[in-house]
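Written below as structure tokens is the structure these notes are about.
We count ligands from 1, going down the list as the structure has it; atoms in each ligand are counted the same way.
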Amino acid sequence: MESRQQVDALIVGLGPAGGSAALAAAQAGLRVAAVERKKEIGVPVQCAEFIPLPLARYAQAEGVLQQRIQGMVSHLPSGKFESSGSAGLMVDRAAFDQALARQAGQSGAKLHLNSRLVGLDSAGSSAIAVTPQGEIRFDYRLLVAADGPHSFVARSLGLPPQETVHARQYTVPLFEAGGNAEIWLSPEYPGGYAWLFPKGGVANLGVGVDKRFGADPKALLDVLHRSLVSAGRVGETILRRTGGAIPVGGLRPNLVAGNMLFVGDAAGLTHPITGAGIAAAVASGERAGQAAAAWLLQQDGDALAAFEEDIRDQFGASLKRAAARRAWLGQYWRTPAAGEDRIHRRGWVAFPEYFTL
Ligand SMILES: Cc1cc2nc3c(=O)[nH]c(=O)nc-3n(C[C@H](O)[C@H](O)[C@H](O)COP(=O)(O)OP(=O)(O)OC[C@H]3O[C@@H](n4cnc5c(N)ncnc54)[C@H](O)[C@@H]3O)c2cc1C
């Protein structure tokens, strides 16, 4: 049986982008509904769980903060490595997403879990979700697409799929207390890299690659895992397996389509070199919620264009540089040059060469 609900803002997806959008919109006084296809927000976790320090204020809820990270050690193909300052926090990503959504709910947003958006009539500003209570048709005044790398909203509008990197990750016991994130740059990982992020007594160990170069992230992760087990650094037991797609094509050409705003991974806000996207997801979601309120409550006709301009001002330049570096690196994968340190120094954010022209 279909029921019908009228809302000001419909938020699709309750990751960090959707949670922040729902929170900001509800706090501003809008009638907000959010649909999330997962039964439990943030579960399963598909993330290495590193956030930069400026996001610390979002890591204050109980159970979110796991450990501090002082810096990053970047390993080059020659075996040389370099340390750099890259302070941040390791979080429990499920708890992080849940805390945002909980606050949105407490601010008045109606959260529909286990509820998948399956239909969108953008011309009629209505959308259908399959929920445990049956189908709900939402008549919305504004929609926020926070539905991740394979955005259903984008597909419904006929927008092209985003270029992605594929990642696999194991959580394994860590035998040494570490305060640094570790990164491996190598011709073995075309279009990506491998990582070890310490999180208390365990570590998130992962590999991300561009499958167009014929690389298999799971096989590569198994090799890396075995080598670290042999070195006595991590345990053999795999406590958790996860993975996922990371958009690496840069910002979508348009973040606003009529009365729809794209945020987070759905907008292409993930960094094309590092794959980091939580900070941009939170910032863009929050800004979208504020823009929704300005547009709907204060009748500010420029509010949605201002949202797009602000996001481009904040993230455009660094995403553009990263996308350009990614394209530049692309010519070397599967060539002998991909084994040279100088190529990776120019292609990785921890080295000064990355920031030179
Ligand atoms: C393996 C891996 C490791 C990563 N590690 C890091 C890291 O350490 N640090 C970092 O900053 N970034 C990391 N990222 C990237 C980061 O996870 C994303 O950038 C971030 O999750 C983007 O948030 P989002 O809210 O835009 O999208 P998501 O977190 O993907 O949330 C989208 C939500 O929409 C829901 N959804 C999708 N379709 C529908 C539908 N039709 N109806 C209802 N709900 C729907 C999904 O279930 C999901 O909950 C990693 C990504 C991967 C894959």
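With atom 44 (N) of ligand 1 as the reference point, the heavy atom nearest to it among H166, H271, R37, R155 is part of R37. Of the candidates L117, L269, V91, L117 brings a heavy atom nearest to atom 42 (N) of ligand 1. The heavy atom nearest to atom 18 (C) of ligand 1, out of those in T274, D265, L100, is found in D265.
At a heavy-atom cutoff of 4.0 Å, ligand 1 is contacted by no atom of A280, backbone or side chain. With a 4.0 Å cut-off on non-hydrogen atoms, F152 touches ligand 1 through its side chain and not its backbone. When heavy-atom distances to ligand 1 are checked against a 4.0 Å cut-off, Q46 comes that close only through its backbone atoms N, CA, C and O. In P16, the parts holding a heavy atom less than 4.0 Å from any atom of ligand 1 are both the side chain and the backbone. The part of S115 lying near ligand 1 is the backbone, judged by heavy-atom distances below 4.0 Å.
In this structure, E163 pairs ionically with R212, as a charged nitrogen and a carboxylate oxygen lie closer than 4.0 Å.
The closest approach between any non-hydrogen atom of E49 and ligand 1 is below 4.0 Å. Contact between I246 and ligand 1 is present, with at least one heavy atom of the residue lying under 4.0 Å from the ligand. For G206, the closest heavy-atom approach to ligand 1 does not fall below 4.0 Å. Judged by the shortest distance from any of its heavy atoms, R93 lies inside the 4.0 Å radius around the atoms of ligand 1. Within the 4.0 Å heavy-atom shell around ligand 1 one does not find G19.
Any N or O atom pair closer than 3.5 Å counts here, and L14 shares no such pair with ligand 1. Annotation: E36 places an N or O atom under 3.5 Å from an N or O atom of ligand 1; distance criterion only.
Using a 4.0 Å cut-off to heavy atoms of G148, the atoms of ligand 1 that qualify are 27 (O), 30 (O), 32 (C). With ligand atoms numbered from 1 in the order given, ligand 1 contributes 43 (C), 44 (N) to contacts under 4.0 Å with heavy atoms of V35. The contact set between ligand 1 and A17, taken as ligand atoms under 4.0 Å from a residue heavy atom, comprises 24 (P), 25 (O), 26 (O). Using a 4.0 Å cut-off to heavy atoms of A48, the atoms of ligand 1 that qualify are 3 (C), 4 (C), 5 (N), 6 (C), 8 (O).
Between N259 and S125, the side chains place a donor N or O and an acceptor N or O closer than 3.5 Å (distance only, hydrogens not considered).
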